2 protein chains.
Amino acid sequence: MSPQGLTAKGAATRERIVVAAADHVLTHGTAGTSLDAIGVATSTSRSQLFHYFPEGKAELVRAIVACQGERVLDAQRPELDRLDSWASWKRWRDSVVAHYTANSGEHGCPIGSLAGQAAASDPQLRADIAAYFESWRGHLRAGVQRMRAAGLLRRGADPDTLATSLLAAVQGGLVLAQARGDLTPLGEALDAALAGLRSYAS
Amino acid sequence: MSPQGLTAKGAATRERIVVAAADHVLTHGTAGTSLDAIGVATSTSRSQLFHYFPEGKAELVRAIVACQGERVLDAQRPELDRLDSWASWKRWRDSVVAHYTANSGEHGCPIGSLAGQAAASDPQLRADIAAYFESWRGHLRAGVQRMRAAGLLRRGADPDTLATSLLAAVQGGLVLAQARGDLTPLGEALDAALAGLRSYAS
DNA sequence: GCGATTCTGGACTGCATAGTCCAAAGTATG
DNA sequence: CATACTTTGGACTATGCAGTCCAGAATCGC
(Lines give C-alpha, C1' and ligand atoms only; values in the text may rest on other atoms or scores of the structure.)
Protein backbone atom coordinates (compact mmCIF):
# COMPACT_ATOMS: atom_id res chain seq x y z
CA MET A 1 0.00 0.00 0.00
CA SER A 2 1.07 3.51 -0.60
CA PRO A 3 1.81 5.94 2.22
CA GLN A 4 -1.78 7.21 2.47
CA GLY A 5 -3.13 3.72 2.94
CA LEU A 6 -4.16 3.34 -0.65
CA THR A 7 -4.38 0.09 -2.49
CA ALA A 8 -2.87 -0.06 -5.96
CA LYS A 9 -6.39 -0.16 -7.28
CA GLY A 10 -7.42 2.75 -5.13
CA ALA A 11 -4.50 4.84 -6.26
CA ALA A 12 -5.39 4.08 -9.86
CA THR A 13 -8.97 5.17 -9.33
CA ARG A 14 -7.81 8.35 -7.65
CA GLU A 15 -5.54 9.06 -10.56
CA ARG A 16 -8.31 8.40 -13.02
CA ILE A 17 -10.56 10.85 -11.22
CA VAL A 18 -7.93 13.58 -11.15
CA VAL A 19 -7.06 13.26 -14.81
CA ALA A 20 -10.64 13.24 -16.03
CA ALA A 21 -11.62 16.03 -13.67
CA ALA A 22 -8.67 18.06 -14.87
CA ASP A 23 -9.89 17.95 -18.43
CA HIS A 24 -13.36 18.99 -17.39
CA VAL A 25 -12.29 21.79 -15.08
CA LEU A 26 -9.82 23.22 -17.58
CA THR A 27 -12.49 23.45 -20.24
CA HIS A 28 -15.52 24.38 -18.18
CA GLY A 29 -13.98 26.09 -15.18
CA THR A 30 -14.37 25.09 -11.55
CA ALA A 31 -17.87 26.49 -11.32
CA GLY A 32 -18.90 24.74 -14.50
CA THR A 33 -17.78 21.38 -13.22
CA SER A 34 -20.18 19.47 -11.04
CA LEU A 35 -19.32 16.38 -9.08
CA ASP A 36 -21.95 14.59 -11.08
CA ALA A 37 -20.18 15.49 -14.31
CA ILE A 38 -16.95 14.11 -12.92
CA GLY A 39 -18.83 11.02 -11.89
CA VAL A 40 -20.17 10.22 -15.31
CA ALA A 41 -16.87 11.10 -17.00
CA THR A 42 -14.96 8.64 -14.83
CA SER A 43 -17.72 6.15 -14.13
CA THR A 44 -17.30 6.64 -10.45
CA SER A 45 -19.90 7.28 -7.83
CA ARG A 46 -20.34 10.10 -5.41
CA SER A 47 -18.83 8.35 -2.45
CA GLN A 48 -15.54 7.69 -4.19
CA LEU A 49 -14.94 11.36 -4.70
CA PHE A 50 -15.32 11.97 -1.02
CA HIS A 51 -13.39 8.86 -0.20
CA TYR A 52 -10.33 10.10 -2.03
CA PHE A 53 -10.89 13.80 -1.40
CA PRO A 54 -12.49 14.06 2.03
CA GLU A 55 -12.51 17.84 1.94
CA GLY A 56 -14.63 17.77 -1.17
CA LYS A 57 -14.39 19.75 -4.34
CA ALA A 58 -11.80 22.25 -3.14
CA GLU A 59 -9.34 19.48 -2.39
CA LEU A 60 -10.01 17.88 -5.76
CA VAL A 61 -9.35 21.14 -7.57
CA ARG A 62 -6.07 21.50 -5.74
CA ALA A 63 -5.09 18.01 -6.84
CA ILE A 64 -5.98 18.98 -10.40
CA VAL A 65 -3.69 21.99 -10.24
CA ALA A 66 -0.85 19.82 -9.00
CA CYS A 67 -1.45 17.25 -11.73
CA GLN A 68 -1.92 19.72 -14.55
CA GLY A 69 1.00 21.85 -13.39
CA GLU A 70 3.25 18.84 -13.66
CA ARG A 71 1.87 18.06 -17.11
CA VAL A 72 2.55 21.57 -18.39
CA LEU A 73 6.06 21.68 -17.01
CA ASP A 74 6.79 18.22 -18.37
CA ALA A 75 5.67 19.33 -21.80
CA GLN A 76 8.51 21.84 -21.74
CA ARG A 77 11.16 19.33 -20.90
CA PRO A 78 13.90 18.67 -21.45
CA GLU A 79 14.39 22.23 -22.72
CA LEU A 80 13.14 23.87 -19.55
CA ASP A 81 15.87 22.24 -17.50
CA ARG A 82 18.74 23.14 -19.73
CA LEU A 83 18.26 26.60 -21.07
CA ASP A 84 21.83 27.55 -21.80
CA SER A 85 22.00 28.74 -25.39
CA TRP A 86 19.97 30.84 -27.76
CA ALA A 87 18.98 27.70 -29.62
CA SER A 88 17.67 26.12 -26.43
CA TRP A 89 15.45 29.12 -25.74
CA LYS A 90 14.03 28.87 -29.20
CA ARG A 91 13.34 25.19 -28.67
CA TRP A 92 11.69 25.96 -25.36
CA ARG A 93 9.46 28.55 -27.01
CA ASP A 94 8.44 26.05 -29.63
CA SER A 95 7.65 23.38 -27.07
CA VAL A 96 5.39 25.77 -25.16
CA VAL A 97 3.50 26.77 -28.27
CA ALA A 98 3.32 23.17 -29.43
CA HIS A 99 1.90 21.99 -26.14
CA TYR A 100 -0.93 24.49 -26.11
CA THR A 101 -1.57 23.96 -29.79
CA ALA A 102 -1.97 20.25 -29.23
CA ASN A 103 -4.36 20.76 -26.35
CA SER A 104 -6.19 23.80 -27.58
CA GLY A 105 -9.40 22.01 -28.42
CA GLU A 106 -9.90 20.19 -25.17
CA HIS A 107 -8.48 22.46 -22.53
CA GLY A 108 -7.50 25.62 -24.27
CA CYS A 109 -7.07 27.23 -20.94
CA PRO A 110 -4.19 26.96 -18.56
CA ILE A 111 -3.96 27.12 -14.83
CA GLY A 112 -3.69 30.87 -15.04
CA SER A 113 -7.40 31.02 -15.70
CA LEU A 114 -8.00 29.34 -12.40
CA ALA A 115 -6.12 32.09 -10.64
CA GLY A 116 -8.91 34.48 -11.46
CA GLN A 117 -11.57 32.16 -10.21
CA ALA A 118 -9.61 31.27 -7.11
CA ALA A 119 -8.50 34.73 -6.13
CA ALA A 120 -11.11 35.35 -3.51
CA SER A 121 -12.84 32.02 -3.08
CA ASP A 122 -10.06 29.69 -2.01
CA PRO A 123 -6.86 31.17 -0.55
CA GLN A 124 -5.28 27.74 -0.31
CA LEU A 125 -5.78 27.17 -4.02
CA ARG A 126 -4.40 30.58 -4.80
CA ALA A 127 -1.31 29.75 -2.80
CA ASP A 128 -0.88 26.49 -4.72
CA ILE A 129 -1.13 28.34 -8.01
CA ALA A 130 1.34 30.94 -6.83
CA ALA A 131 3.76 28.17 -5.88
CA TYR A 132 3.32 26.60 -9.29
CA PHE A 133 4.11 29.87 -11.05
CA GLU A 134 7.08 30.36 -8.76
CA SER A 135 8.45 26.96 -9.69
CA TRP A 136 8.05 27.66 -13.39
CA ARG A 137 9.64 31.06 -12.97
CA GLY A 138 12.51 29.46 -11.07
CA HIS A 139 13.37 27.28 -14.04
CA LEU A 140 13.38 30.29 -16.34
CA ARG A 141 15.49 32.30 -13.93
CA ALA A 142 18.00 29.48 -13.74
CA GLY A 143 18.14 29.51 -17.50
CA VAL A 144 18.89 33.22 -17.58
CA GLN A 145 21.58 32.75 -14.96
CA ARG A 146 23.17 30.01 -17.00
CA MET A 147 23.19 32.27 -20.02
CA ARG A 148 24.87 34.98 -18.02
CA ALA A 149 27.42 32.61 -16.53
CA ALA A 150 28.25 31.43 -20.02
CA GLY A 151 28.92 34.99 -21.04
CA LEU A 152 26.03 35.08 -23.48
CA LEU A 153 24.23 37.82 -21.55
CA ARG A 154 25.53 41.05 -20.14
CA ARG A 155 25.72 41.69 -16.41
CA GLY A 156 22.84 44.14 -16.65
CA ALA A 157 20.45 41.29 -17.39
CA ASP A 158 18.53 40.68 -14.17
CA PRO A 159 17.52 37.01 -14.06
CA ASP A 160 14.70 37.66 -11.64
CA THR A 161 12.79 40.28 -13.57
CA LEU A 162 13.55 38.68 -16.92
CA ALA A 163 12.10 35.42 -15.71
CA THR A 164 9.00 37.26 -14.55
CA SER A 165 8.58 38.97 -17.88
CA LEU A 166 9.00 35.73 -19.79
CA LEU A 167 6.39 33.97 -17.69
CA ALA A 168 4.09 36.98 -17.96
CA ALA A 169 4.41 36.80 -21.73
CA VAL A 170 3.30 33.18 -21.67
CA GLN A 171 0.34 33.84 -19.40
CA GLY A 172 -0.68 37.05 -21.10
CA GLY A 173 -0.39 35.44 -24.49
CA LEU A 174 -2.66 32.66 -23.29
CA VAL A 175 -5.25 35.10 -21.98
CA LEU A 176 -5.40 36.86 -25.33
CA ALA A 177 -5.40 33.57 -27.18
CA GLN A 178 -8.30 32.34 -25.11
CA ALA A 179 -10.36 35.44 -25.75
CA ARG A 180 -9.68 35.33 -29.44
CA GLY A 181 -9.95 31.59 -29.79
CA ASP A 182 -6.67 31.53 -31.66
CA LEU A 183 -3.20 30.84 -30.36
CA THR A 184 -1.18 33.30 -32.42
CA PRO A 185 -0.97 35.91 -29.65
CA LEU A 186 0.92 33.39 -27.54
CA GLY A 187 3.61 32.95 -30.14
CA GLU A 188 3.89 36.68 -30.73
CA ALA A 189 4.13 37.50 -27.06
CA LEU A 190 6.77 34.85 -26.54
CA ASP A 191 8.78 36.06 -29.50
CA ALA A 192 8.70 39.58 -28.19
CA ALA A 193 9.77 38.47 -24.73
CA LEU A 194 12.66 36.50 -26.20
CA ALA A 195 13.62 39.49 -28.29
CA GLY A 196 13.73 41.43 -25.06
CA LEU A 197 16.04 38.82 -23.61
CA ARG A 198 18.20 38.90 -26.69
CA SER A 199 18.59 42.63 -26.38
CA TYR A 200 20.84 41.85 -23.42
CA ALA A 201 23.10 39.64 -25.52
CA SER A 202 26.72 40.43 -25.10
CA MET B 1 -37.16 58.85 -22.61
CA SER B 2 -34.04 57.18 -23.84
CA PRO B 3 -33.96 55.04 -26.99
CA GLN B 4 -34.77 51.78 -25.19
CA GLY B 5 -37.89 53.27 -23.64
CA LEU B 6 -36.26 53.90 -20.32
CA THR B 7 -37.26 56.65 -17.96
CA ALA B 8 -34.47 58.72 -16.44
CA LYS B 9 -35.18 56.91 -13.22
CA GLY B 10 -35.06 53.55 -14.92
CA ALA B 11 -31.77 54.31 -16.60
CA ALA B 12 -30.32 55.37 -13.26
CA THR B 13 -31.43 52.12 -11.66
CA ARG B 14 -29.97 50.12 -14.47
CA GLU B 15 -26.69 51.97 -14.12
CA ARG B 16 -26.69 51.40 -10.37
CA ILE B 17 -27.16 47.68 -10.88
CA VAL B 18 -24.36 47.40 -13.41
CA VAL B 19 -21.86 49.31 -11.32
CA ALA B 20 -22.55 47.41 -8.12
CA ALA B 21 -22.66 44.10 -9.94
CA ALA B 22 -19.36 44.89 -11.62
CA ASP B 23 -17.62 45.26 -8.28
CA HIS B 24 -19.05 42.02 -7.05
CA VAL B 25 -18.29 40.01 -10.16
CA LEU B 26 -14.75 41.31 -10.42
CA THR B 27 -13.97 40.26 -6.88
CA HIS B 28 -15.94 37.04 -6.62
CA GLY B 29 -16.15 35.89 -10.22
CA THR B 30 -19.29 35.26 -12.21
CA ALA B 31 -20.00 31.97 -10.51
CA GLY B 32 -19.49 33.51 -7.09
CA THR B 33 -22.01 36.22 -7.75
CA SER B 34 -25.65 35.37 -7.17
CA LEU B 35 -28.55 37.50 -8.24
CA ASP B 36 -29.52 37.73 -4.60
CA ALA B 37 -26.13 39.20 -3.75
CA ILE B 38 -26.58 41.81 -6.44
CA GLY B 39 -30.03 42.49 -5.08
CA VAL B 40 -28.90 43.25 -1.57
CA ALA B 41 -25.91 45.25 -2.78
CA THR B 42 -28.12 47.52 -4.84
CA SER B 43 -31.34 47.30 -2.84
CA THR B 44 -33.21 46.10 -5.86
CA SER B 45 -35.57 43.21 -6.20
CA ARG B 46 -35.46 40.20 -8.40
CA SER B 47 -37.84 41.46 -11.01
CA GLN B 48 -35.80 44.58 -11.73
CA LEU B 49 -32.83 42.52 -12.78
CA PHE B 50 -34.93 40.71 -15.32
CA HIS B 51 -36.69 43.88 -16.30
CA TYR B 52 -33.45 45.55 -17.30
CA PHE B 53 -31.68 42.39 -18.42
CA PRO B 54 -34.37 40.15 -19.86
CA GLU B 55 -31.89 37.48 -20.87
CA GLY B 56 -30.81 37.12 -17.28
CA LYS B 57 -27.40 36.83 -15.76
CA ALA B 58 -25.49 36.37 -19.00
CA GLU B 59 -26.74 39.68 -20.34
CA LEU B 60 -25.89 41.39 -17.09
CA VAL B 61 -22.35 40.06 -17.17
CA ARG B 62 -21.95 41.36 -20.69
CA ALA B 63 -23.08 44.79 -19.54
CA ILE B 64 -20.54 44.59 -16.76
CA VAL B 65 -17.75 43.88 -19.21
CA ALA B 66 -18.76 46.86 -21.31
CA CYS B 67 -18.90 49.10 -18.27
CA GLN B 68 -15.69 47.90 -16.70
CA GLY B 69 -13.86 47.90 -20.01
CA GLU B 70 -14.66 51.55 -20.42
CA ARG B 71 -13.51 52.22 -16.87
CA VAL B 72 -10.16 50.56 -17.42
CA LEU B 73 -9.52 52.30 -20.71
CA ASP B 74 -10.54 55.64 -19.22
CA ALA B 75 -8.07 55.15 -16.41
CA GLN B 76 -5.32 55.13 -19.03
CA ARG B 77 -6.38 58.38 -20.61
CA PRO B 78 -5.31 60.76 -21.81
CA GLU B 79 -2.00 58.92 -22.28
CA LEU B 80 -3.52 56.01 -24.16
CA ASP B 81 -4.77 58.31 -26.90
CA ARG B 82 -1.56 60.16 -27.49
CA LEU B 83 1.32 57.78 -27.23
CA ASP B 84 3.89 59.61 -29.32
CA SER B 85 7.05 59.94 -27.25
CA TRP B 86 9.08 57.84 -24.86
CA ALA B 87 7.88 59.99 -22.02
CA SER B 88 4.26 59.33 -22.93
CA TRP B 89 4.81 55.57 -22.87
CA LYS B 90 6.30 55.87 -19.44
CA ARG B 91 3.32 57.89 -18.27
CA TRP B 92 0.99 55.31 -19.76
CA ARG B 93 2.81 52.54 -17.94
CA ASP B 94 2.46 54.44 -14.67
CA SER B 95 -1.23 55.05 -15.19
CA VAL B 96 -1.87 51.36 -15.75
CA VAL B 97 0.01 50.36 -12.63
CA ALA B 98 -1.61 53.16 -10.64
CA HIS B 99 -5.08 52.10 -11.70
CA TYR B 100 -4.67 48.53 -10.62
CA THR B 101 -2.89 49.57 -7.46
CA ALA B 102 -5.79 51.79 -6.50
CA ASN B 103 -8.32 49.05 -7.14
CA SER B 104 -6.33 46.08 -5.97
CA GLY B 105 -8.26 45.58 -2.76
CA GLU B 106 -11.74 45.62 -4.17
CA HIS B 107 -11.42 44.14 -7.62
CA GLY B 108 -7.87 43.03 -7.96
CA CYS B 109 -8.84 41.16 -11.03
CA PRO B 110 -9.35 42.49 -14.49
CA ILE B 111 -11.57 41.42 -17.31
CA GLY B 112 -8.94 38.98 -18.44
CA SER B 113 -9.95 36.70 -15.59
CA LEU B 114 -13.40 36.53 -17.04
CA ALA B 115 -12.00 35.27 -20.31
CA GLY B 116 -11.08 32.02 -18.62
CA GLN B 117 -14.49 31.59 -17.08
CA ALA B 118 -16.26 32.58 -20.28
CA ALA B 119 -14.22 30.53 -22.71
CA ALA B 120 -16.61 27.65 -23.04
CA SER B 121 -19.73 28.78 -21.24
CA ASP B 122 -20.77 31.91 -23.13
CA PRO B 123 -19.44 32.46 -26.65
CA GLN B 124 -21.14 35.84 -26.85
CA LEU B 125 -19.31 37.02 -23.75
CA ARG B 126 -16.06 35.72 -25.10
CA ALA B 127 -16.61 37.68 -28.27
CA ASP B 128 -17.26 40.84 -26.24
CA ILE B 129 -14.07 40.33 -24.30
CA ALA B 130 -12.14 39.72 -27.49
CA ALA B 131 -13.53 42.95 -28.94
CA TYR B 132 -12.49 44.79 -25.80
CA PHE B 133 -8.94 43.49 -26.03
CA GLU B 134 -8.89 44.36 -29.70
CA SER B 135 -9.90 47.94 -28.94
CA TRP B 136 -7.19 48.27 -26.31
CA ARG B 137 -4.64 46.73 -28.63
CA GLY B 138 -5.71 49.15 -31.35
CA HIS B 139 -4.81 52.12 -29.19
CA LEU B 140 -1.41 50.66 -28.47
CA ARG B 141 -0.82 49.87 -32.11
CA ALA B 142 -1.70 53.43 -33.06
CA GLY B 143 0.82 54.60 -30.51
CA VAL B 144 3.55 52.46 -32.02
CA GLN B 145 2.66 53.73 -35.47
CA ARG B 146 2.89 57.31 -34.28
CA MET B 147 6.32 56.60 -32.84
CA ARG B 148 7.44 55.16 -36.14
CA ALA B 149 5.99 58.02 -38.12
CA ALA B 150 7.84 60.43 -35.87
CA GLY B 151 11.06 58.61 -36.65
CA LEU B 152 11.50 57.43 -33.09
CA LEU B 153 11.27 53.78 -34.06
CA ARG B 154 12.95 51.88 -36.85
CA ARG B 155 11.04 50.45 -39.78
CA GLY B 156 11.56 46.95 -38.44
CA ALA B 157 9.23 47.66 -35.56
CA ASP B 158 5.96 45.94 -36.38
CA PRO B 159 3.10 47.86 -34.73
CA ASP B 160 0.79 44.88 -34.77
CA THR B 161 2.93 42.37 -32.95
CA LEU B 162 4.41 44.97 -30.64
CA ALA B 163 0.92 46.02 -29.56
CA THR B 164 0.07 42.39 -28.90
CA SER B 165 3.17 41.89 -26.81
CA LEU B 166 2.50 45.01 -24.77
CA LEU B 167 -1.06 43.97 -24.04
CA ALA B 168 0.08 40.45 -23.25
CA ALA B 169 2.54 41.89 -20.76
CA VAL B 170 -0.27 43.74 -19.01
CA GLN B 171 -2.53 40.70 -18.89
CA GLY B 172 0.20 38.28 -17.97
CA GLY B 173 1.48 40.61 -15.30
CA LEU B 174 -2.00 40.77 -13.86
CA VAL B 175 -2.36 37.00 -13.82
CA LEU B 176 0.88 36.64 -11.88
CA ALA B 177 -0.03 39.53 -9.63
CA GLN B 178 -3.35 37.94 -8.85
CA ALA B 179 -1.81 34.61 -7.96
CA ARG B 180 0.81 36.20 -5.78
CA GLY B 181 -1.47 38.80 -4.27
CA ASP B 182 1.06 41.47 -5.05
CA LEU B 183 1.21 43.81 -8.02
CA THR B 184 4.95 43.95 -8.61
CA PRO B 185 4.90 41.40 -11.46
CA LEU B 186 2.70 43.78 -13.42
CA GLY B 187 5.23 46.58 -13.21
CA GLU B 188 8.10 44.28 -14.06
CA ALA B 189 6.33 42.78 -17.05
CA LEU B 190 5.40 46.20 -18.35
CA ASP B 191 8.94 47.50 -17.93
CA ALA B 192 10.30 44.53 -19.84
CA ALA B 193 7.79 45.00 -22.64
CA LEU B 194 8.67 48.68 -22.90
CA ALA B 195 12.34 47.78 -22.94
CA GLY B 196 11.51 45.53 -25.85
CA LEU B 197 9.86 48.43 -27.60
CA ARG B 198 12.81 50.67 -26.85
CA SER B 199 15.17 48.17 -28.42
CA TYR B 200 13.65 49.28 -31.73
CA ALA B 201 14.55 52.92 -31.07
CA SER B 202 16.27 54.57 -33.97
C1' DG C 1 -9.45 -19.34 4.82
C1' DC C 2 -10.62 -15.37 7.89
C1' DG C 3 -10.95 -10.92 10.00
C1' DA C 4 -9.99 -6.18 9.13
C1' DT C 5 -9.63 -2.63 5.98
C1' DT C 6 -10.34 -0.47 1.80
C1' DC C 7 -13.27 0.36 -2.10
C1' DT C 8 -17.68 1.14 -4.46
C1' DG C 9 -22.69 2.05 -5.42
C1' DG C 10 -26.67 4.59 -4.97
C1' DA C 11 -30.14 6.77 -2.42
C1' DC C 12 -31.10 10.74 0.48
C1' DT C 13 -30.96 15.48 2.54
C1' DG C 14 -30.71 20.27 2.54
C1' DC C 15 -29.57 24.38 0.43
C1' DA C 16 -28.59 27.93 -2.89
C1' DT C 17 -29.82 29.61 -7.09
C1' DA C 18 -31.90 31.17 -11.77
C1' DG C 19 -35.82 32.36 -13.56
C1' DT C 20 -41.33 33.26 -13.50
C1' DC C 21 -45.50 35.63 -12.32
C1' DC C 22 -48.72 38.93 -10.83
C1' DA C 23 -50.19 42.85 -8.81
C1' DA C 24 -49.21 47.43 -6.86
C1' DA C 25 -46.91 51.88 -7.11
C1' DG C 26 -45.07 55.46 -9.75
C1' DT C 27 -44.61 58.40 -13.89
C1' DA C 28 -45.17 60.13 -18.50
C1' DT C 29 -48.42 62.38 -21.93
C1' DG C 30 -52.70 64.30 -23.74
C1' DC D 1 -57.64 64.25 -14.54
C1' DA D 2 -57.39 59.94 -17.24
C1' DT D 3 -55.03 56.51 -19.53
C1' DA D 4 -51.20 53.94 -20.93
C1' DC D 5 -46.71 52.57 -19.84
C1' DT D 6 -42.77 51.93 -16.88
C1' DT D 7 -40.92 50.56 -12.57
C1' DT D 8 -40.87 47.92 -8.30
C1' DG D 9 -41.76 44.32 -4.69
C1' DG D 10 -42.00 39.83 -3.17
C1' DA D 11 -43.67 35.34 -3.30
C1' DC D 12 -43.26 31.01 -5.87
C1' DT D 13 -41.23 27.14 -8.59
C1' DA D 14 -37.69 24.47 -10.86
C1' DT D 15 -33.55 22.62 -10.64
C1' DG D 16 -29.00 21.49 -9.88
C1' DC D 17 -25.57 20.88 -6.65
C1' DA D 18 -22.36 19.68 -2.52
C1' DG D 19 -22.09 16.81 0.88
C1' DT D 20 -23.89 12.59 4.01
C1' DC D 21 -24.93 7.88 5.02
C1' DC D 22 -25.07 3.09 4.98
C1' DA D 23 -24.60 -1.28 3.20
C1' DG D 24 -22.38 -4.47 0.11
C1' DA D 25 -18.29 -5.98 -2.69
C1' DA D 26 -13.50 -6.44 -3.22
C1' DT D 27 -9.00 -6.82 -1.34
C1' DC D 28 -5.32 -7.08 1.89
C1' DG D 29 -2.57 -9.11 5.99
C1' DC D 30 -1.88 -13.18 8.41
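The shown structure was predicted, so the numbers you read here are calculated from the model rather than taken from an experiment.
Rounded to whole Å, atom P of dA11(D) lies 17 Å from atom CZ of F50(B). Rounded to whole angstrom, the span from the CG atom of D36(B) across to the C1' atom of dC12(D) amounts to 13 Å. Nucleotide dA16(C) holds its P atom 17 Å from the CD1 atom of I38(B), rounded to whole Å. In this structure, the CZ atom of F53(A) is 16 Å from the C1' atom of dT6(C), given to the nearest Å. Atom CD1 in I17(A) sits roughly 11 Å away from atom P in dC7(C) (whole-Å rounding). To the nearest angstrom, P of dG19(D) lies 10 Å from CG of L60(A). Look at CG on L35(A): it is 9 Å from P on dC17(D), rounded to the nearest Å. Between H51(A) atom NE2 and dT5(C) atom P there is a gap of 14 Å when expressed in whole angstrom units.
Salt bridge annotation for R126(A)-D122(A): absent, with no cationic side-chain nitrogen under 4.0 angstrom from a carboxylate oxygen. Classification of D74(A) and R71(A) as a salt-bridged pair fails, no side-chain N sitting under 4.0 Å from a carboxylate O.
Using modelled atom types, one finds no donor on one side chain facing an acceptor on the other under 3.5 Å when comparing Q48(A) with T13(A). D36(A) and S34(A) share no side-chain donor-acceptor pair at under 3.5 Å.
The aromatic ring centroids of W89(A) and W92(A) lie less than 6.0 Å from each other.
Side-chain atoms of R46(B) come within donor-acceptor range of the base of dA18(C), with a qualifying N/O pair under 3.5 Å.
More than 90° away from 0 lies the glycosidic angle of dA4(C), which makes this nucleotide anti.
Distance from the side chain of S45(B) is smallest for dT8(D) among the nucleotides dG9(C), dA18(D), dT8(D).
In this structure, dA11(C) forms a base pair with dT20(D), meeting either the Watson-Crick or the G-U wobble geometry with both donor-acceptor distances under 3.5 Å. Pair assignment for dT17(C): none, as no Watson-Crick or G-U wobble contacts are both less than 3.5 Å.
Listed pair Y52(B) / dT6(D) fails the phosphate criterion, with no side-chain N or O lying under 4.0 Å from OP1 or OP2. In this structure, S47(A) does not reach the dT20(D) phosphate: none of its side-chain N or O atoms is under 4.0 Å from OP1 or OP2. A sub-4.0 Å separation between OP1 or OP2 of dT8(D) and a side-chain N or O of Q48(B) is present.
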